[in-house]
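Written below as structure tokens is the structure these notes are about.
Whatever order the structure lists ligands and atoms in, that order sets their numbers, starting from 1.
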Amino acid sequence: MNSEEKTPVGVIGVGWVGLVTAACFAELGHPVIARDVVQEKVDALSRGEITIHEPGLAELLERNRDRLTFTTDMDELLNGARLLFVCVDTPPTYSGDADLSRVRSVVEDLSADGDHVLIMKSTVPAGTGASIRRELPGLAYVSCPEFLKEGTAVEDFMHPDRVVVGSEPEDSAAAEEVADLYRPLGGEFVMTDTSSAEMIKLASNAYLATRISFINEIANVCEEVGADVSEVARGMGLDERIGPHFLRPGIGFGGSCFPKDVNALKLLAGNSGYHFQLLNSVIEVNELQKRRVVSKLTKHLGPLVGKRIALLGLAFKPDTDDMREASSLVLSARLRGEGAEVVAYDPVAMSNARSLLPGVEMSDTAQEALAGSDAAVLVTEWSEFKEIDWTEAADRMRRPLLIDGRNFLDAGQLRSAGFLYEGIGKAGTGDESG
Ligand code: UGA
């Protein structure tokens, strides 16, 4: 089948999810028309430039340029495709509920048109689809939540664990059409109702966040009782009912999804009259976890006033320049609150980070950040940090102390280089003797 025969796909909103969706459907041979309200973004993408850092995405966009059209014009989109993926942001409002204003404005733009299938990729509270469906009786509505992870989004799109497709009975033909788009990718299909599809997305993110807060608390107990959390997680993960994923302790989860979606689910429950107690703890544990590093530093250095602390990594996770809800934001604010000087290096997130971290000095290299520091904290597990010459770093630092916030580096190697190395949930790692 050549590309002309494949169903055209429309994408509304070319942020991170929209752009990955557009590029991947183009790679599968579909003509794709993607619409965004921001003219500069559309112009840049039309010239073949992308502004987000996502491995493999630039290559995909380049390879499929002839199948991709970017526009600000809603009519052009509506004329170009029947199947419309909505990929607009649903950030938290002041109340913490999901802000649906961008979804609403898309719905308003579409209301005159009856022939399209609206496919919701944006994360929305359960019940949103059913209410949009009531407003736009002529339009088919399908919920198809995204499960992509930043940094591996292209890979995740091309090899999904599962594809969730939710619809009301009157839209079951449209739901099958959507499922057909994903069939070449394999994975399990969950054909369900709209509200259940919406809940699958929120519950999945909330559950994964719960696992992280759980293992972080286990790590904290391990430090107290003389156990090693990596061994504990390995032993737990071999139980098939538990599984090995998302049991890496650290200095808290961040990003545009987990913090927002955990809170949104808690509020969705609360607004419906149910108190979701467990999620309060998930959020609180995560906040405290970001701050524990400060007490670890104080344990070794005493008061932090005037101490120079180097942060290795700023992005909320590696392979992205995304700073949303990054642990580095809270950590650097706390350190500066204690009177410390903070210096940082991140391979790609520094330009995004600069305006968010006033007063934090940015370095061009990791070695430059480490030079003259009293301690370093590994915040984001960028692979290039494994290549650092730690012997040179130990010489250049005022005191060779490293808190590994992601248990990422080789403790033995660091200690041989003369470092006092402390990880997360590793008993005895704080001892001078190592
Ligand atoms: C998350 C979900 O994993 C995706 O399935 C979902 O599609 C996406 O949110 C979304 O709703 O859009 P993402 O936020 O890109 O993806 O990143 P993750 O890889 O899930 O990591 C989130 C945070 O958890 C990071 O700060 C990471 O460092 C932390 N994390 C992850 C841990 O601390 N421990 C772990 O074991 C795993």
Side-chain angles (χ1 to χ4, degrees), residues 13 15-21 52-55 57 87-92 98 120-124 144-157 159-164 187 198 200-219 229-230 232-234 236-237 242-265 282-283 285-287 289-290 292-293 313-331 349 378-382 404-408 423-425:
W16 177 78
V17 173
L19 202 51
V20 171
T21 303
I52 57 170
H53 180 90
E54 182 62 40
L57 185 58
C87 304
V88 295
D89 269 19
T90 52
M120 189 60 69
K121 278 245 152 261
S122 304
T123 303
V124 294
C144 182
E146 62 90 11
F147 298 102
L148 312 176
K149 299 185 289 302
E150 290 191 26
T152 54
V154 171
E155 182 65 17
D156 292 342
F157 185 101
H159 305 285
D161 291 344
R162 80 309 207 178
V163 177
V164 174
E198 292 161 340
I200 288 171
K201 167 70 189 190
L202 289 172
S204 299
N205 273 3
Y207 175 70
L208 291 169
T210 304
R211 278 177 76 105
I212 298 169
S213 278
F214 179 83
I215 201 68
N216 280 337
E217 290 221 277
I218 293 292
V229 71
S230 302
V232 175
R234 186 163 69 93
M236 287 171 64
I242 297 174
H245 304 293
F246 274 69
L247 285 178
R248 292 191 318 274
I251 51 173
F253 58 77
S256 62
C257 305
F258 284 176
K260 161 179 88 88
D261 291 348
V262 172
N263 204 35
L265 179 54
V282 172
I283 295 165
V285 168
N286 197 47
E287 284 313 306
Q289 197 68 12
K290 298 176 197 170
R292 272 177 72 85
V293 177
L314 292 170
F316 85 95
K317 66 178 212 176
D319 294 321
T320 179
D321 57 357
D322 199 336
M323 284 294 297
R324 285 177 286 182
E325 302 284 338
S327 296
S328 61
L329 296 170
V330 171
L331 178 57
L378 186 136
V379 178
T380 316
E381 62 275 39
W382 284 99
D404 185 348
R406 302 288 172 187
N407 288 346
F408 180 63
I424 306 286

Item to check | Minimum-distance pair of heavy atoms, taken over all atoms of L314 and A326 | outcome: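 In this case the closest contact between L314 and A326 is O-CB, 3.4 Å.
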Checklist entry - Can you name the nearest heavy-atom pair linking F157 to T21, along with the distance? => result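 F157 and T21 have their closest heavy atoms at CE1-CA, 4.1 Å.
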Next on the checklist: Could you check whether E198 pairs with K201 (Lys NZ or Arg NE/NH1/NH2 to Asp/Glu carboxylate O, under 4.0 Å)?
Outcome noted: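 Here E198 does not pair with K201 in a salt bridge, since their nearest N and O are not under 4.0 Å apart.
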Next on the checklist: Check this for me, if you would: do E381 and K317 make a salt bridge, where the nitrogen-to-carboxylate-oxygen distance has to be below 4.0 angstrom?
Outcome noted: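 K317 and E381: not salt-bridged.
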Next on the checklist: Can a donor-acceptor pair be found, under 3.5 Å and without considering hydrogens, that links the side chain of D322 to the backbone of R324?
Outcome noted: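 A pair under 3.5 Å: yes.
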Next on the checklist: Donor-acceptor pair, distance only, cut-off 3.5 Å: does the side chain of N216 make one with the backbone of I251?
Outcome noted: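 It does not hold such a pair.
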Among protein heavy atoms, which sits nearest to [atom], and what does the distance come to when rounded to 0.1 Å?
{"atom": "atom 28 (O) of ligand 1", "result": "R406 NH1, 3.6 Å"}
{"atom": "atom 9 (O) of ligand 1", "result": "C257 CB, 3.2 Å"}
{"atom": "atom 1 (C) of ligand 1", "result": "F258 CE2, 3.5 Å"}

Relative to ligand 1, is [X] under 4.0 angstrom through side chain, backbone, both or neither, heavy atoms considered?
{"X": "I212", "answer": "side chain"}
{"X": "E150", "answer": "both"}
{"X": "H245", "answer": "neither"}
{"X": "R211", "answer": "neither"}
{"X": "N205", "answer": "side chain"}

Roughly how far, to the nearest 0.5 Å, is [atom2] of [Y] from [atom1] of [X]?
{"X": "T90", "Y": "D261", "atom1": "OG1", "atom2": "CG", "result": "7.0 Å"}
{"X": "L329", "Y": "M323", "atom1": "CG", "atom2": "CE", "result": "4.0 Å"}
{"X": "D161", "Y": "S204", "atom1": "CG", "atom2": "OG", "result": "10.0 Å"}

Mind checking whether [X] has an N or O less than 3.5 Å away from an N or O of ligand 1?
{"X": "F316", "result": "yes"}
{"X": "R248", "result": "yes"}
{"X": "F147", "result": "yes"}
{"X": "K201", "result": "yes"}
{"X": "E381", "result": "no"}
{"X": "L208", "result": "no"}
{"X": "L148", "result": "yes"}

Item to check | Intermediate values then yes/no, side chain to side chain contact (heavy atoms under 4.5 Å, CB included), Q289 and E217 | outcome: CA-CA 8 Å; Q289 197 68 12; E217 290 221 277; over 6 Å; no
Item to check | The one among K317, K149, Q289, K121 that brings a heavy atom closest to atom 17 (O) of ligand 1 | outcome: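 Looking at heavy atoms only, K317 sits closest to atom 17 (O) of ligand 1.
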Next on the checklist: With the threshold set at under 4.0 angstrom, would you say G250 reaches ligand 1 through any of its heavy atoms?
Outcome noted: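 Under 4.0 Å: no for G250.
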Next on the checklist: Which of the numbered atoms in ligand 1 are under 4.0 angstrom from any heavy atom belonging to E146?
Outcome noted: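 Reading through ligand 1 atom by atom, the close ones are 7 (O), 10 (C), 11 (O), 12 (O).
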Checklist entry - Just wondering, more than 12 heavy atoms not from F147 lying within 6.0 Å of its CZ? => result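 For F147, atom CZ is crowded (more than 12 foreign heavy atoms under 6.0 Å).
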